[in-house]
Amino acid sequence: MQQDSSSRIVQGLRQWIESAPTGTQLPSSRSLVTEYGASPVTVQKALRSLASLGLVETRPGVGTFVRASRAPRPHDYSWQTAALGPRNAASPQLASALRIASGDTYDLGSGFPDPSLLPERLVRSAFARAARSRATLSWPSAVGLADLRAWFASELAAQTAPGVSAPTAGDVIILAGSQSGLSAAFRALVGPGKPLLIESPTYWGAILAATQANVQLVPVPSSAEGPDPEALDRAFTQTGARAFYAQPSFANPHGALWSQPLREQVLSTVQRHGAFVIEDDWAHDFAIDAHPRPLAAQDDGGHVVYLRSLTKSVSPAVRVGAVIARGPARERLLHVTQSESVFVSAVLQAAALEVVTSSAWRTHLRSMSQQLGARRDLLAQALAENAPLVQLDHLPRGGLHLWARLPEAADLAAVVAGLQRAGVSVVPGHELFPAEPTAPYLRLTFAGPDPGNYVHAAQALHEVLHEVLQNSSQGTHLPL
């Protein structure tokens, strides 16, 4: 078997090519079969390997020839500078949450749960079923599969308050994940140059989508309790804004969970100003010890545009979400989503529906909730015992992250750089403020891989923070 392998043929032909002039034709496949005692399939595999290495080129109907070596030269893309024009200075760079951590890194920066927390068997089975269905060749509706839309509607309807009209499948549009929904909502409901009220700090993806939609961001201060309702009312009055992007449940990054009185106050303010709330229920499936009712479940006047995604809780490979909106707002959203993506893959929709309607889905969510709670507590304890200079304003009751405040004198950029050298990935807090950050923060995920290393990561954070403070003119010399 080793004598007949394609690697042996590749090795032999590479030696032959080294002494052959450029353009020399290689022996025919038939002669190579005879020479190496290999099958035609194995010979063709070897020739493809040589072609991928740039050593030979195949001319259909003629043969395979030694390829001329090309002298390396620098790339010149300078012409693109004039073609592209100046870059928008407000455009964010690649978010830290999207950077892939190396294998030897303590990953506290990922924006996605570790695969061990996801329903792998359900997803594999769902894709297998979807691959055997008509979804592989079907042309889905622009609004999405009827059964999946009905499922999203029923999920929200089950939490709708008494006396409030429940949503129907007709109110639902299926999206390619919530990021697509944010972009569509900002374009359809706000528009270029118009003001959008947004919590500060907030989800980096919302800042990115708003920047790309060229809307004017108006920050509203938000804490572990949620947004300041008086500041929200003033912002509506002063700017004339007609939309407020918010995360009432387990807000990213600080994990805020709005109280019921705050929800009622915000909804009343929005109604009074004739505006929309774009509710991002991103952590709906990541509840730990609280199960809040979405703000949309208290509204039947069309003021709340509700976004929910399955990408994080089912699988990153299943980029499927939904927006639920009523009245003309839904039609505008549909127009924007159609112009951007036409429709969402029927295979992905079928797989998502298969997972969430499985009898094992609820069991998985309960198990994941317990695991997230244990990881949250483990990371919080590791910080308390090993990084006492780091402050947690509160322990979130759901979501994936802790919001860690550093001492005022800490140089955030220096801390992040030091952590990178120490092999710890984090998300610097300044990426999550739509305006100037109010203090140095780090977003630390407790849903990443290998929670057994939380202690080591916390120790590294303390050492780096201590060094940064020592080097700062305002720092205090603290003992390790």
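None of these values were measured; they are calculated from a predicted model.
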Looking at every heavy atom in both Gly181 and Leu175, which two are closest together, and how far apart are they?
CA-CD1, 3.4 Å
More than 12 heavy atoms of other residues, nucleotides or ligands under 6.0 Å from CD of Gln260: is that the case?
yes
Nearest-0.5 Å distance, CG of residue Leu400 to CZ of residue Phe250
10.5 Å
Does the side chain of Leu402 reach to within under 4.5 Å of the side chain of Leu383, using non-hydrogen atoms?
yes
Let me see the working for Arg443 and Glu431 under salt bridge (Lys or Arg N to Asp or Glu O under 4.0 Å), right down to the final yes or no.
CA-CA 10 Å; Arg443 195 193 75 178; Glu431 294 185 4; over 6 Å; no
Are the side chains of Pro248 and Arg263 in touch, meaning some heavy atoms are under 4.5 Å apart?
yes
Counting N and O atoms only, with roles assigned by atom type, does the side chain of Thr337 sit under 3.5 Å from a partner on the main chain of Leu334, one being a donor and the other an acceptor?
yes
List the residues meeting salt bridge (charged side-chain N to carboxylate O under 4.0 Å, His left out) with Arg134, not counting sequence neighbours, and say none if there are none.
none
Those residues at least two apart in sequence (or on a different chain) that pass salt bridge (charged side-chain N to carboxylate O under 4.0 Å, His left out) with Arg376 are Asp289
Does Ser358 use its side chain to pair, donor to acceptor, with the backbone of Glu354 at less than 3.5 Å?
no
Has the side chain of Thr211 got a donor or acceptor atom that lies under 3.5 Å from a matching backbone atom of Ile207?
yes
With sequence neighbours excluded, residues passing salt bridge (charged side-chain N to carboxylate O under 4.0 Å, His left out) with Asp393
none
Go through Leu442 and Leu412 one step at a time and tell me if the side chain to side chain contact (heavy atoms under 4.5 Å, CB included) criterion holds.
CA-CA 8 Å; Leu442 295 175; Leu412 182 60; 3.7 Å; yes
Compare every heavy atom of Asp228 with every heavy atom of Val220, then report the nearest pair and how far apart it is.
CG1-O, 4.2 Å
Aromatic ring proximity, centroids under 6.0 angstrom, Trp139 and Phe343:
yes
Indicate yes or no for a side-chain donor-acceptor contact from Arg332 to the backbone of Leu189 under 3.5 Å, with no hydrogens or angles considered.
no
Heavy-atom donor-acceptor pair, Asp171 side chain to Pro167 backbone, under 3.5 Å
no
If we ignore hydrogens and angles and just use 3.5 Å, is the side chain of Ser259 paired with the main-chain N or O of Leu262 as donor and acceptor?
yes
Between Thr202 and Leu432, is a side chain to side chain contact (heavy atoms under 4.5 Å, CB included) present by the stated rule, with each step listed?
CA-CA 5 Å; Thr202 192; Leu432 306 170; over 6 Å; no
Which heavy atom of Phe446 sits nearest a heavy atom of Pro396, and at what distance?
CE2-CG, 4.3 Å
May I ask you to decide if Gly448's main-chain N or O and Arg375's side chain share a donor-acceptor pair within less than 3.5 Å?
yes
Kindly indicate whether the side chain of Val304, heavy atoms from C-beta on, has any atom under 4.5 Å from the side chain of Leu267.
yes
In terms of ring plane angle, is the pair Tyr441 and Trp403 parallel, tilted or perpendicular, where the classes change at 30° and 60°?
parallel
Cut-off 3.5 Å, side chains only: do Gln371 and Ser367 have a donor facing an acceptor?
yes
If I take atom CD1 from residue Ile173 and atom CZ from residue Phe152, how far apart are they, to the nearest 0.5 angstrom?
12.5 Å
Supply the atom-to-atom distance Leu310 CG to His284 NE2, rounded to the nearest 0.5 angstrom.
9.5 Å
For a side-chain hydrogen bond (donor to acceptor under 3.5 Å, both in side chains) check, start with the C-alpha distance between Asp280 and Tyr245, then their side-chain angles and the critical distance, and finish with the verdict.
CA-CA 8 Å; Asp280 187 352; Tyr245 168 75; 2.6 Å; yes
Assess whether salt bridge (Lys or Arg N to Asp or Glu O under 4.0 Å) is satisfied between Arg293 and Glu279, documenting all intermediate values.
CA-CA 12 Å; Arg293 176 184 293 172; Glu279 179 182 11; over 6 Å; no
Sub-4.5 Å side-chain heavy-atom contact between Phe186 and Leu196:
yes
His456: side chain to side chain contact (heavy atoms under 4.5 Å, CB included) partners, not counting sequence neighbours:
Tyr106, Asn453, Gln459
Side chain to side chain contact (heavy atoms under 4.5 Å, CB included) between Thr357 and Trp151: does it pass, once the steps are laid out?
CA-CA 8 Å; Thr357 56; Trp151 180 84; 4.0 Å; yes
How long is the span from the CD atom in Gln349 to the CG atom in Leu145, to the nearest 0.5 Å?
4.0 Å
Take Asp285 and Arg308, measure what salt bridge (Lys or Arg N to Asp or Glu O under 4.0 Å) needs, and give me the verdict at the end.
CA-CA 10 Å; Asp285 296 326; Arg308 181 179 170 187; 2.9 Å; yes
How far apart are the C-alpha atoms of Val305 and Ile324, what are their side-chain angles, what is the distance that settles it, and do they pass the side chain to side chain contact (heavy atoms under 4.5 Å, CB included) test?
CA-CA 6 Å; Val305 174; Ile324 300 180; over 6 Å; no
Using side-chain heavy atoms (C-beta onward) and a distance below 4.5 Å, is Leu156 in contact with Pro294?
yes
Residue set satisfying salt bridge (charged side-chain N to carboxylate O under 4.0 Å, His left out) with Asp233, at least two apart, ordered chain then number -> Arg272
Nearest heavy-atom pair of Val424 and Ala460: which atoms, and what distance?
CG2-CB, 3.9 Å
Side-chain (Thr445) to main-chain (His401) donor-acceptor, under 3.5 angstrom
no
Please check if the number of heavy atoms outside His291 that lie under 6.0 Å from its NE2 is greater than 12.
yes
Where do Pro434 and Ser200 come nearest, in terms of heavy atoms and distance?
CD-OG, 3.3 Å
Spatial distance of atom NZ (Lys194) from atom CD (Gln216) [nearest 0.5 Å]
11.0 Å
For the residue pair Ser125 and Arg121, confirm or rule out a side-chain donor-acceptor distance under 3.5 Å.
no
Working for side-chain hydrogen bond (donor to acceptor under 3.5 Å, both in side chains), residues Arg129 and Ser133
CA-CA 6 Å; Arg129 288 178 180 272; Ser133 72; over 6 Å; no
Test side chain to side chain contact (heavy atoms under 4.5 Å, CB included) applied to Leu197 and Leu232, Val190, Leu217, the passing residue:
Leu232
Looking only at atom types and distance, does a side-chain atom of Gln298 sit under 3.5 Å from a main-chain N or O of Thr160, one as donor and one as acceptor?
no
Start with the C-alpha distance between Thr269 and Gln265, add both sets of side-chain angles, then the distance that settles side-chain hydrogen bond (donor to acceptor under 3.5 Å, both in side chains), and finish with yes or no.
CA-CA 6 Å; Thr269 298; Gln265 191 169 0; 5.7 Å; no
Donor-acceptor pair, distance only, cut-off 3.5 Å: does the side chain of Arg149 make one with the backbone of Gly144?
yes
What residues, two or more places apart in sequence or in another chain, satisfy side-chain hydrogen bond (donor to acceptor under 3.5 Å, both in side chains) together with Arg242?
none
If every non-hydrogen atom of Ala346 is compared with every non-hydrogen atom of Ser138, which pair is closest and at what distance?
CB-OG, 3.5 Å
